[in-house]
Amino acid sequence: FIWTVYSDFRYVLSPQTVATLSYRYSETEGDGVSSDSTNHYILAGVEHRFSPTMIGIVRAGAQLREVDGPGGEDSTSPYVEAMLRAQVNEQFSLRGFLRYGIEDWDTVQWMGPWLVEFDERTVLRIGLSGEYAVSDRLSLFGGVDYIMGDYDEGRLTDGTPFPGSYDEDIVNLYVGMSMRLNEWLYAQASYNYTDSSSDLQRRDYDRNRVSVGMRAEF
């Protein structure tokens with residue numbers, strides 16, 4: 001269970017550019033052998049409108065992490081997030097994002113016969129997606145996501161250090177279509193392909209997923 005509070009300070013530099021200063025405080029309550037942790041984020045950034053149809057946002061700074069539990073390691077690491085959104089024309093839009101930092105979930109893994117908790121799960125996430133409106137009722141969408149994770153500062157549940165650094169790379173590709181049935185109801189279908197390459201136990205896989213559903217907007 002993770003909750004976060006934050007405060008943003010904004011200063012208008014020009015009609016197109018806003019400087020930001022952010023502080024975030026986040027608490028994680030772990031279940032089972034997963035430790036509780038606290039994260040402080042101190043970030044400076046800029047929001048810039050390149051044109052009436054394109055905007056970019058970048059925030060960067062430090063993440064101060066405190067981990068409870070036997071042998072828990074506190075750390076300070078860089079944290080970066082960025083977003084770009086563009087309406088290329090009336091039919092076609094693009095979105096991209098990037099985030100780099102230490103994440104709190106998925107930190108407990110089986111390593112052979114040992115159950116290991118990693119205090120530093122550093123993750124880089126990059127995504128790019130696009131949507132094309134074929135008509136007022138039909139739109140096509142697709143994208144790619146890349147996730148690179150590093151697992152460090154491992155320890156057993158009694159606090160004994162566990163040596164080594166472990167990597168994981170995930171690529172996810174997807175395409176789909178959305179059809180508006182009326183003013184508030186949409187039908188949607190999509191196909192996802194995921195490839196995972198990992199040093200961790202039982203986490204190498206290829207996955208194909210087809211989904212069909214409905215979406216309501218009020």
Side-chain angles (χ1 to χ4, degrees), residues 1-14 16-31 33-50 54-85 95-109 116-129 144-157 159-172 198-200:
F1 179 79
I2 302 173
W3 62 270
T4 303
V5 294
Y6 63 91
S7 182
D8 288 336
F9 300 89
R10 300 167 58 83
Y11 184 80
V12 178
L13 299 176
S14 73
Q16 293 80 32
T17 306
V18 176
T20 63
L21 182 64
S22 304
Y23 171 75
R24 302 173 189 170
Y25 175 87
S26 178
E27 287 272 5
T28 299
E29 299 176 10
D31 193 18
V33 300
S34 181
S35 297
D36 297 342
S37 63
T38 301
N39 288 282
H40 304 265
Y41 303 85
I42 303 172
L43 308 173
V46 63
E47 303 174 6
H48 183 72
R49 185 169 292 279
F50 299 95
M54 179 183 294
I55 187 171
I57 299 173
V58 177
R59 294 186 180 93
Q63 177 181 357
L64 290 74
R65 178 170 166 80
E66 305 166 2
V67 180
D68 296 337
E73 289 285 341
D74 297 344
S75 62
T76 300
S77 68
Y79 183 89
V80 180
E81 60 186 19
M83 183 274 291
L84 180 68
R85 185 175 67 229
R95 293 181 180 227
F97 78 90
L98 177 148
R99 188 176 72 200
Y100 175 84
I102 297 178
E103 298 185 355
D104 292 301
W105 52 86
D106 212 19
T107 58
V108 178
Q109 301 288 335
V116 179
E117 180 171 18
F118 294 91
D119 289 338
E120 293 187 12
R121 179 178 177 257
T122 307
V123 179
L124 171 66
R125 296 178 180 268
I126 301 174
L128 180 65
S129 63
V144 57
D145 299 308
Y146 173 66
I147 305 170
M148 180 180 69
D150 293 323
Y151 291 75
D152 297 291
E153 300 297 336
R155 54 189 169 87
L156 304 181
T157 54
T160 304
F162 188 86
S165 178
Y166 305 88
D167 300 328
E168 184 172 73
D169 292 282
I170 298 174
V171 178
N172 183 66
S198 178
D199 295 335
L200 303 176

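- Applying the side-chain hydrogen bond (donor to acceptor under 3.5 Å, both in side chains) criterion to Ser34, with sequence neighbours excluded, gives no partner residue.
- A donor atom on one side chain and an acceptor atom on the other are found under 3.5 Å apart for Ser35 and Glu117.
- The closest donor-acceptor contact from the side chain of Asn39 to the backbone of Glu27 lies at 3.5 Å or more, if one exists at all.
- Sorted by first then second residue, the salt bridge (Lys or Arg N to Asp or Glu O under 4.0 Å) pairs that include residues 57-66, not counting sequence neighbours, are Glu47-Arg59, Arg59-Glu81, Arg65-Asp104.
- Aromatic ring orientation, Tyr151 versus Phe118: perpendicular (interplanar angle above 60°, classes split at 30° and 60°).
- Asp68 and Arg155 get closest at one heavy-atom pair: O-NH2, 3.5 Å.
- In this structure, Tyr79 and Leu43 approach most closely via the heavy-atom pair CD2-CD2, 3.6 Å.
- Atom CZ of Arg95 sits in a sparse spot, with 12 or fewer heavy atoms from other residues, nucleotides or ligands closer than 6.0 Å.
- Annotation for Gly56 and Phe50: closest pair N-CE1, 3.8 Å, computed over non-hydrogen atoms.
- Without hydrogens or angle criteria, Glu73 side chain to Glu153 main chain gives no donor-acceptor distance under 3.5 Å.
- For Tyr146, the OH atom is densely surrounded, since the number of other residues' heavy atoms within 6.0 Å is greater than 12.
- Using a 4.5 Å heavy-atom cutoff, the side chains of Asp119 and Ser75 are not in contact.
- Between Asp167 and Met148 the shortest side-chain heavy-atom distance does not fall below 4.5 Å.
- Summarising the geometry of Val46 relative to Thr20, their closest heavy-atom pair is N-OG1, 4.0 Å, with the distance given to 0.1 Å.
- Residues satisfying the side-chain hydrogen bond (donor to acceptor under 3.5 Å, both in side chains) criterion with Glu168, sequence neighbours excluded, are Ser198, Arg203.
- Smallest separation of non-hydrogen atoms from Arg99 and Glu103: NH2-OE2, 3.1 Å.
- Contact annotation: the side chain of Thr160 never approaches that of Phe162 to less than 4.5 Å [non-hydrogen atoms, C-beta and beyond].
- With hydrogens and angles left out, the side-chain atoms of Ser22 and Asp8 include a donor and acceptor closer than 3.5 Å.
- Shown here for Leu200 and Tyr166, the closest heavy-atom pair between the two residues is CD2-CB, 3.9 Å.
- Of the N and O atoms on the side chains of Asp152 and Ser165, at least one donor lies less than 3.5 Å from an acceptor on the other residue.
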